[in-house]
Amino acid sequence: MDLGISGRTAIVCASSQGLGFACALALAEEGVSVVINGRNPNLLEKAADEIRRASSVTVTPVIADVSTARGQETLLAACPTPDILINNNGGPPFRDFHELDRQAMLNGVTSNMVAPIELIQKVIDPMAARGFGRIVNITSSSVKMPLAGLDLSSGARAGLTAFLAGVARTVAGKNVTINHLLPGKFDTQRLRSLFAATAAQTGEPVSALTAQATAAIPAQRFGTPKEFGQTCAFLCSVHASYITGQNILLDGGVYPAAF
Ligand SMILES: NC(=O)c1ccc[n+]([C@@H]2O[C@H](COP(=O)([O-])OP(=O)(O)OC[C@H]3O[C@@H](n4cnc5c(N)ncnc54)[C@H](OP(=O)(O)O)[C@@H]3O)[C@@H](O)[C@H]2O)c1
């Protein structure tokens with residue numbers, strides 16, 4: 001299927017590895033020039049090389065912390081009027097909610113709610129004026145299904161979802177869509193770090209924890225970043241212009257309800 005977005009431009013935040021990287025790669029393979037981003041320069045350059053090898057588009061790596069005003073300015077300087085914005089960021093560490101002090105909570109809300117909204121504020125009007133825009137926020141299945149220990153992540157991302165529910169309807173008539181991708185368990189560094197942290201806490205081997213987690217997924221496996229990236233690219237396509245304000249779960253069937 002031709003997604004109809006060749007020649008478009010995208011900013012993909014937090015994309016030097018994992019789910020963000022997979023989204024950038026899938027968009028580049030469809031002919032979209034991408035600004036990719038991360039804080040570690042080596043990781044980012046490696047990601048840029050991989051995307052360049054797989055596509056013929058312009059790939060612009062931007063070293064920046066997307067949670068900060070300065071980081072966002074640097075990203076927008078590289079691509080002031082993107083056609084596509086993929087919001088992503090690191091997630092807060094696994095922590096008992098009793099241990100979260102005020103600053104930790106503010107940091108989590110800044111990273112997973114405020115930063116994506118700030119970027120949307122800066123790109124959405126030019127998108128509407130041009131009559132094309134795609135905004136995809138990478139959130140988490142925990143928006144719909146609680147995960148004790150990731151409460152800050154769940155709360156901030158649910159806040160983002162609710163905040164944007166109204167905004168999405170204000171631009172739908174201008175062919176600008178805002179949707180959310182909700183990953184369950186995907187095989188990335190983030191997931192591996194969570195297993196390592198649990199193993200360190202409980203003394204259980206990582207292999208046992210991985211096997212238990214896999215067994216609890218109806219699909220009997222973790223998701224692959226590639227399939228996540230392909231879903232993102234479809235949401236950014238011309239064919240998805242009637243999908244907006246939606247939460248799309250990619251969890252191998254874990255969420256146990258029909259609605
Ligand atoms: N994987 C899963 O199963 C899963 C499930 C539910 C939700 N999620 C959420 O989905 C998002 C992506 O997860 P992932 O698994 O792809 O994580 P990952 O493999 O750890 O990759 C995170 C990426 O974000 C970059 N990054 C982190 N903080 C950043 C910042 N402040 N500014 C710019 N770049 C930043 C990292 O590069 P640098 O560190 O070099 O900056 C890296 O490229 C996270 O928010 C995660 O919580 C993931």
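Below, all heavy atoms of this structure are taken into account, side chains as well, without hydrogens, waters or symmetry copies. Numbering of ligands and ligand atoms starts at 1, following listing order. One-based numbering along the sequence shown.
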Any heavy-atom pair between the side chains of Met127 and Ile84 that's under 4.5 Å? no
Residues Arg95 and Asp151 bridged, charged N to O under 4.0 Å: no
With the threshold set at 4.0 Å, does a side-chain nitrogen-carboxylate oxygen contact exist between Asp49 and Arg52? yes
Would you call the rings of Phe186 and Phe228 parallel, tilted or perpendicular, taking 30° and 60° as the class edges? perpendicular
Tell me whether Ile86 shares a hydrophobic cluster with Val171, the cluster being built from Ile, Leu, Val, Met, Phe, Trp, Tyr side chains joined at under 4.5 Å. no
Present, as a list of atom pairs with distances to 0.1 Å, all nitrogen or oxygen contacts under 3.5 Å between ligand 1 and the protein.
residue, atom, partner, partner atom, Å
ligand 1, 1 (N), Phe186, O, 3.4
ligand 1, 1 (N), Thr188, OG1, 3.0
ligand 1, 3 (O), Gly184, O, 3.2
ligand 1, 3 (O), Phe186, N, 2.7
ligand 1, 3 (O), Phe186, O, 3.4
ligand 1, 15 (O), Thr188, OG1, 2.4
ligand 1, 16 (O), Leu19, N, 2.7
ligand 1, 28 (N), Arg39, NH2, 3.2
ligand 1, 28 (N), Asn89, OD1, 3.4
ligand 1, 28 (N), Gly90, N, 3.4
ligand 1, 31 (N), Asp65, OD1, 2.8
ligand 1, 31 (N), Asn89, OD1, 3.1
ligand 1, 32 (N), Val66, N, 3.0
ligand 1, 37 (O), Ser16, OG, 3.2
ligand 1, 39 (O), Arg39, NH2, 2.9
ligand 1, 40 (O), Arg39, N, 3.3
ligand 1, 40 (O), Asn40, N, 2.9
ligand 1, 41 (O), Arg39, N, 2.8
ligand 1, 41 (O), Arg39, NE, 2.7
ligand 1, 41 (O), Arg39, NH2, 3.4
ligand 1, 43 (O), Ser16, N, 3.1
ligand 1, 43 (O), Ser16, OG, 2.6
ligand 1, 43 (O), Gln17, N, 3.1
ligand 1, 45 (O), Asn89, O, 2.6
ligand 1, 45 (O), Arg157, NH1, 3.4
ligand 1, 45 (O), Arg157, NH2, 3.0
ligand 1, 47 (O), Arg157, NH2, 2.8
ligand 1, 47 (O), Arg190, NE, 3.1

Which donor-acceptor pairs under 3.5 Å do side chains of residues 21-36 form with protein atoms, sequence neighbours excluded?
none

